[in-house]
Amino acid sequence: MKPEFRELRLTQLDRNLEPFARTHSVSRPKRGWLRAVREALGITLREVARKMRKTPQTVASFEKSEETHRITLQTLRHYAEAMDCELVYAIVPKAVSMKQLAENRARERVESDVLAVEHSMALEDQATTGIQDKIGREIQRILKKR
């Protein structure tokens, strides 16, 4: 991606992911979403199997696959459609915005690099001041570069 569009893309992602911000407090049902939704709607395995054109055993195996985190997105989508639902899929940062996450990742790398150089300089009796300013400038350079 061109560097000039990176910040715009991060801003767009943050805006698009806003509705998912509260998902951190939502825990997946113990036996998976497919089974929880199917049972809450009062739909039998046989009904889902008929709509998916699969056997009830295959549909049960889909639920088991989801429970053990081994199901594909395609299967999740088809199963959801069979229950007149829609699969919503997103990757969200754990505690901050995408923009802040990118900055934090850059900061980790830069601090390590700058402190290593400063240490070498100090050993050669050439230590400089303004380390935090150097770190800040390097972070901005990296964020604009990508």
Side-chain angles (χ1 to χ4, degrees), residues 1-121 128-146:
M1 175 180 300
K2 291 186 177 184
E4 57 269 23
F5 297 120
R6 186 165 189 271
E7 187 169 345
L8 176 62
R9 185 64 183 139
L10 286 170
T11 301
Q12 289 172 336
L13 277 171
D14 281 336
R15 191 175 323 119
N16 290 341
L17 292 172
E18 265 182 47
F20 299 97
R22 294 178 301 279
T23 61
H24 300 289
S25 61
V26 177
S27 59
R28 186 177 71 95
K30 183 179 179 184
R31 299 177 96 179
W33 287 106
L34 296 177
R35 184 172 181 159
V37 171
R38 180 180 59 75
E39 289 178 346
L41 294 174
I43 302 172
T44 66
L45 278 173
R46 193 173 303 280
E47 289 173 288
V48 173
R50 184 179 46 79
K51 285 187 176 185
M52 291 183 75
R53 297 182 181 159
K54 305 284 183 191
T55 66
Q57 294 81 6
T58 299
V59 172
S61 75
F62 293 157
E63 290 182 1
K64 186 67 176 169
S65 292
E66 186 213 358
E67 183 180 342
T68 58
H69 304 278
R70 294 181 297 111
I71 196 164
T72 66
L73 288 173
Q74 181 180 15
T75 300
L76 278 172
R77 186 176 319 280
H78 289 147
Y79 197 120
E81 288 171 1
M83 296 188 296
D84 294 322
C85 292
E86 183 178 346
L87 175 67
V88 178
Y89 175 77
I91 296 174
V92 296
K94 290 182 179 178
V96 293
S97 68
M98 284 288 188
K99 201 172 190 177
Q100 187 64 48
L101 184 59
E103 186 175 316
N104 290 349
R105 290 180 43 81
R107 179 176 300 283
E108 287 173 9
R109 287 193 306 270
V110 167
E111 283 180 348
S112 174
D113 292 347
V114 170
L115 293 176
V117 169
E118 281 299 314
H119 178 71
S120 295
M121 297 291 280
T128 61
T129 59
I131 294 174
Q132 291 306 316
D133 288 338
K134 290 175 187 173
I135 290 172
R137 284 193 307 271
E138 184 63 11
I139 289 169
Q140 291 310 309
R141 186 188 70 74
I142 285 175
L143 290 175
K144 288 179 183 176
K145 176 180 158 186
R146 293 179 170 209

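Values below: every heavy atom of this structure, side chains too, minus hydrogens, waters and symmetry copies.
Counting all heavy atoms, side chain and backbone alike, L10 lies closest to A102 at CD1-CB, 3.9 Å. Considering all non-hydrogen atoms of both residues, P56 and A49 come closest at N-CB, 3.6 Å. Contact record, P93 with S97: CG-C, 3.8 Å, taken as the closest heavy-atom pair. Between L17 and I91, the shortest heavy-atom distance links the atoms CD1-O, 3.5 Å.
Going from atom CE of M83 over to atom CD of E81 covers 10.5 Å, rounded to the nearest 0.5 Å. The CE atom of M98 sits 12.0 Å away from the OG1 atom of T11 when rounded to the nearest 0.5 Å.
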Enumerate donor-acceptor pairs with a distance under 3.5 Å from any side-chain N or O in residues 62-71 to protein atoms, sequence neighbours excluded.
{"unit_1": "E63", "atom_1": "OE1", "unit_2": "R38", "atom_2": "NH2", "d": "3.3"}
{"unit_1": "E63", "atom_1": "OE2", "unit_2": "R38", "atom_2": "NE", "d": "2.5"}
{"unit_1": "E63", "atom_1": "OE2", "unit_2": "R38", "atom_2": "NH2", "d": "3.3"}
{"unit_1": "E63", "atom_1": "OE2", "unit_2": "Y79", "atom_2": "OH", "d": "2.4"}
{"unit_1": "S65", "atom_1": "OG", "unit_2": "S61", "atom_2": "O", "d": "3.0"}
{"unit_1": "E66", "atom_1": "OE1", "unit_2": "W33", "atom_2": "N", "d": "3.1"}
{"unit_1": "E66", "atom_1": "OE1", "unit_2": "L34", "atom_2": "N", "d": "2.9"}
{"unit_1": "E66", "atom_1": "OE2", "unit_2": "W33", "atom_2": "N", "d": "2.8"}
{"unit_1": "T68", "atom_1": "OG1", "unit_2": "K64", "atom_2": "O", "d": "3.1"}
{"unit_1": "T68", "atom_1": "OG1", "unit_2": "S65", "atom_2": "O", "d": "3.3"}
{"unit_1": "T68", "atom_1": "OG1", "unit_2": "R70", "atom_2": "NE", "d": "3.0"}
{"unit_1": "T68", "atom_1": "OG1", "unit_2": "R70", "atom_2": "NH2", "d": "3.3"}
{"unit_1": "H69", "atom_1": "NE2", "unit_2": "R28", "atom_2": "NH2", "d": "3.2"}

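There is a side-chain donor-acceptor pair under 3.5 Å between Q100 and N104.
Under the salt bridge (Lys or Arg N to Asp or Glu O under 4.0 Å) criterion, K54 pairs with no residue at all, not counting sequence neighbours.
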CA sep, side-chain torsions, deciding dist, call: R9, Q12, side-chain contact (heavy atoms from CB on, under 4.5 Å): CA-CA 5 Å; R9 185 64 183 139; Q12 289 172 336; 3.5 Å; yes
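Applying the salt bridge (charged side-chain N to carboxylate O under 4.0 Å, His left out) definition to pairs two or more places apart or across chains, those involving residues 39-52 are R35-E39, K51-D84.
Between V48 and the choices I43, L41, T58, the side chain to side chain contact (heavy atoms under 4.5 Å, CB included) rule is met once, by I43.
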